Amino acid sequence: MAAQAVSLNRKEEAGKLVLEAAGRWISSFAGQIERLVVDLETKRAKSAAVSIDASHIEQLDTAGAWLLERMRRDFEGKGAKAEIVGLDPRYKVLLEEVKQTNTGKDAEEQRDHNAVEDTLGYVCEMVVGFVKDSAEFVQFLGAAVVTMGRVLVRPWTFRFTSVVNQMDRAGFRSIPIIVLILFLIGGILAQQGIFHFRKFGAETFVVDMVGILVLREVGVLITSIMLAGRSGSAYTAELGSMKMREEVDALRVMGRDPMEILILPRMIALIIALPLLTFIGSMAALFGGMVTAWLYGGFTPEIFAERLRDAISWSTFWVGMIKAPFMGAVIALVACVEGLRVQGSAESLGEHTTASVVKSIFLVIVLDGFFAIFFASIDW
Amino acid sequence: MAEVGNQTQAARKPSKVPNNYPIIRVRDVWVSFGSHAVLKGLDLDVKQGEILGFVGASGGGKSVLMRTIIGLVKKQKGTIEVFGHDVDRLSEEELHAIERRWGVLFQHGALFSSLTVRQNIQFPLREYLNLSQRLMDEIAIAKLEMVGLPAFVAEKYPSQLSGGMVKRAALARSLVLDPEIVFLDEPTSGLDPISAGEFDDLIKALQQTLGLTVFMVTHDLDSLHNACDRIAALADGKVIATGPIGDMLKSDHPWLRAYFHGKRASSRLDGKKA
């Protein structure tokens, strides 16, 4: 039944080609109709005059009307004289309307793509993007410092409530997950250490290893990475959707600096929260290490604590803690820059949130590398 | 393929709706959010081929009714018939067949922001029909030009368009399957009077060309005067009056008087007289 829904028959009448269109020329059958039209074009005889008889069309919609019109235009394009006749008057308006469309004016030129050109273009864009990124981060950091300076001069403009709110959301509420993860990582480190140090009878050094590794590197790194994933992405998404809905512009026109209201509290909150979380996380990791050492290595907590006191010094502790606020600043900076870069679409929001997390984790690790070089050269 | 053809054919057959039977028939519909009842036993008929303007106070439930008819909001009680089918009794497939026969223009356009205008307009074609890319492109451009946008807009993303262009592009998307009913949620809000006037003309022209039935939620008094064949007024969860604009102007109901003879309305009328 569907096969007979539409048809297009051709016949010759006194040197004139007559095409009989019949049935329901509607979008549901547009695929079939198009095949009929294309078939006909491939095997058509040369004719000077073509008449498309539409009198048997029962139902017509835009898609059908367009296919009629397209057929007519194709014949005209080949130099034949073509016309559509016999169409039910109620569809006349529709056909006239469709005749006005697809005339090719105003259409955007489609450029041909060249693979080499595209790749080169892509690489260049990446390089330019990287340079622009760096410039923007520096500029943004500068603006943040200037704002911070202004707030220091006029302390009453400082948004204390907002900072506390951000600290609660980004800092306090991440305590459980950070404690859990670092507890597990401390335990895993200790367990690996015990198994491998046991081979040469140096089991007790596992305490040194866990203590130094956790306090200098692992504590702050894992905390930063967790926070970049958890709070940095939230900052980007928040600021991004505010940007999308012109809320950032609204602040600006009310004479308020978004930097001061939105960004500074977030940066300060992370700069304060990250060292605190690092401390809590490091303690959790040491505790994890202690529990594992007790279970696997038979060190009692007393021995562990004793050994730890000998193994680490204040500098070990401070190396980790000093890094933390810088990590917080980098995460907040990247998150805010990316957030404010969001354009109108939901896709753009997702793109920038991803970029925010990837870039901040990357920068955290790079920064950690620089700190390692620095502390090595000052012998800490 | 043949099966799909048959099914859609059955669904599209206009003869299923008897003559003069309303294309949308809403009876005793109750919708509430929590303890707050928005629609309280609402009745409404929409006739085939008309442009119905639906007015009411802000927050009064106009959009809720529209969303209830198209199935986005659940009703607690009542029946809704569309094309003569009770939507509650339809299977999922039948419901999809019905959904293909209406188009919806959301208040803010609801264009997919990650797709270009052309891809947006082609989306229903791609989902429902098996057409060649060439034909889909041509239909998309045809629709775009029918709603009065130039063809180059097709390659733009929604965020690059102005408010009026977004509405037109969204209208093109809602019309791409040649629906029998279009639901418009405040189509002219946020447009300048010239664009709004053009939009009214456009809707009227499309209604005549495509034989559409239009259900239009609106606040725009000019739209009500120029485009609508009939107006239904919503107050306190019920339709308090229906009829052409003339009847509305003559009505004694206090809310209607306030609405159609308020300061904004009368300055408009005065302007017209002068």
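A, B, ... follow the sequence lines: proteins, then strands. Residue 1 opens every chain. The structure presented is a predicted model; accordingly, all values stated were derived computationally and were not measured.
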Asks: Counting only heavy atoms closer than 4.5 Å, note whether B/Leu135 contacts chain A via side chain, backbone, both or neither.
Replies: both
Asks: In this structure, are over 12 heavy atoms from other groups packed under 6.0 Å from A/Arg256 atom CZ?
Replies: no
Asks: To check you understand the geometry: which heavy-atom pair defines the closest contact between B/Asp178 and A/Ala63, and what is its length?
Replies: OD2-N, 4.1 Å
Asks: By a 4.5 Å heavy-atom criterion (distance strictly below it), what part of A/Leu67 contacts chain B: side chain, backbone, both, or neither?
Replies: side chain
Asks: Count the heavy-atom pairs under 4.5 Å between each of A/Glu96, A/Glu347, A/Glu34 and chain B, then report the option with the highest count.
Replies: A/Glu34
Asks: Would you say that more than 12 heavy atoms from the other residues, nucleotides or ligands in this model lie under 6.0 Å from the CD of B/Glu92, or not?
Replies: no
Asks: Please say whether more than 12 non-hydrogen atoms of neighbouring residues, nucleotides or ligands are located less than 6.0 Å from CD in A/Glu246.
Replies: no
Asks: Return the CG to CD distance between A/Asp61 and B/Glu180, rounded to the nearest 0.5 Å.
Replies: 10.0 Å
